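Everything below concerns the one structure shown next.
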Amino acid sequence: MKNHNIQPLLRKNYLKAVTAHGVYIYDENGKRYLDGSSGPVACSLGHSHPAMLEPFIRQFGKIQYVYRSQFGSEEAEELAGKLADISPGKHYSHSFFVNSGSEATETALKIAIQYWREKGKTSKVQFISRQKSYHGITMGALGVSGHQLRRQQFEGVLWLGPEKLTRDLEQDPLEEHLAELESIIHHTGSQKIAGLILEPVIGAAGTAMVPPEGYYQAIKQICKKHEILLIGDEVMTGLGRTGSYFGLDHWKTFADIVTVGKSLGAGYAPIAATLMTDEILDPIREGSGLIMSGHTYSGHPLSCAVALQVLTIIEQDKLIEHVREVGDLLMAGLKSSQVHVDFIRTVRGKGLLLGIELDPAIPGMQGRIIDQCFENGLLVYPSVGGKEGKDENGILIAPPYVISKAETEQLLDILDTSIRQVAQTR
Ligand SMILES: Cc1ncc(COP(=O)(O)O)c(C=O)c1O
């Protein structure tokens with residue numbers, strides 16, 4: 001039968017998922033898969049969480065949609081208040097809601113440009129980002145992303161900014177990172193740079209790469225000195241994934257603008273947000289008084305009610321503490337798998353955002369391990385790595401926050417078996 005639905009690989013025959021409960025997804029043949037990556041690092045409460053039904057039922061009888069240019073809603077206001085409350089020192093006190101992480105990036109870039117324009121600094125329109133980065137698939141977000149695999153079809157037509165930060169976060173000393181940033185700012189001219197956008201822990205483009213101690217504190221100082229806004233892309237890291245509400249919390253650093261997505265809707269509703277401080281919003285409020293971003297479904301009350309329930313469950317069930325605990329268990333297990341084979345270079349990450357970096361000199365290992373895991377009933381997520389972020393040699397392990405210790409052991413068992421099977425047929 002002809003399939004009218006377009007999926008990423010046009011020549012692949014995708015199996016259909018039919019039901020999903022907890023950390024398991026079941027396909028059309030009844031086969032069970034442990035969701036070891038929360039889909040694309042999004043389904044943080046697992047599937048069919050019983051407490052997630054409530055907002056759907058409640059909103060249906062109350063209000064499911066209202067256009068944000070015509071009305072506000074209790075749901076959007078409450079969610080923005082909750083996001084402010086969980087941000088350190090209530091620092092991110094305003095939220096602009098969108099439907100995806102890519103849109104949150106677009107809004108963050110626009111707000112940064114608008115902020116400087118409202119202050120009369122109209123030449124500040126460019127952005128610095130990392131070579132190893134992914135900020136979204138829309139043209140602006142892809143323009144500031146370094147993910148080569150996702151950019152390559154559009155090279156030449158993407159937004160050109162100053163060059164990207166290229167130093168290796170694991171290998172190179174802190175001083176070299178700071179010198180590189182200073183040098184880019186110096187030859188581009190700080191009067192042209194609106195912001196620096198970074199993922200606190202690099203996900204799809206860095207295999208859960210974690211910067212050194214003191215890194216963000218020092219980067220923030222440099223940004224402040226040169227009047228460059230720090231934009232934290234917390235679409236993957238935000239709302240508990242790394243064992244704290246925001247990834248930057250680990251470095252006790254505040255950004256000026258922060259994006260969240262993925263775990264905000266946790267797979268139950270498409271919602272993301274661009275958060276900002278009073279310092280960013282005030283000049284815009286007092287100036288043009290208008291944020292020129294947004295979409296038909298921005299601030300969708302049902303999505304906001306769902307996101308509020310997600311945050312309530314994370315808090316009530318103490319899931320962030322649980323993420324730290326099972327994250328340690330998972331990390332220890334991954335490290336012990338590493339010793340059995342010579343093609344795993346390193347295991348790293350924070351909380352339940354963990355990455356396995358494979359030796360890029362042995363081609364095809366990433367695909368073989370992912371396929372073997374799938375065959376054995378485990379879902380994991382591909383990421384890229386290497387000096388320029390071009391090597392397809394990373395695997396992200398990021399199960400739902402609700403994974404139990406027994407399910408974590410099961411994940412490790414299937415992964416270990418799959419890696420050994422690949423090693424035997426190499
Ligand atoms: C760090 C980061 N930013 C932005 C995005 C884009 O989010 P979305 O796919 O919801 O548009 C992603 C998606 O993987 C991401 O990992």
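Please read these numbers as outputs of a predicted model, since none were measured by experiment. For ligands, and for the atoms within them, numbers begin at 1 and follow the listed sequence.
Tyr215 and His177 have their aromatic ring centers within a separation under 6.0 angstrom. Between Tyr33 and Tyr24, the gap from one ring centroid to the other reaches at least 6.0 Å. For Phe97 and Tyr297, the gap between ring centers reaches or exceeds 6.0 Å.
Geometric assessment of Lys110 against the ring of Trp116 yields a negative cation-pi assignment under the 6.0 Å and 45° thresholds.
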Contacts under 3.5 angstrom, residues 159-167 side chains, donor-acceptor by atom type, not counting sequence neighbours:
from: Glu163; atom 1: OE1; to: His187; atom 2: NE2; distance (Å): 2.9
from: Glu163; atom 1: OE2; to: His187; atom 2: NE2; distance (Å): 3.4
from: Thr166; atom 1: OG1; to: Glu180; atom 2: OE2; distance (Å): 2.7
from: Arg167; atom 1: NH1; to: Glu176; atom 2: OE1; distance (Å): 3.3

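For the residue pair Ser404 and Glu407, a side-chain donor N or O sits within less than 3.5 Å of a side-chain acceptor on the partner.
Annotation: ligand 1 has protein neighbours Ser100, Gly101, Ser102, Tyr134, His135, Gly136, Glu199, Asp233, Val235, Met236, Lys262, each with a heavy atom less than 4.0 angstrom from the ligand.
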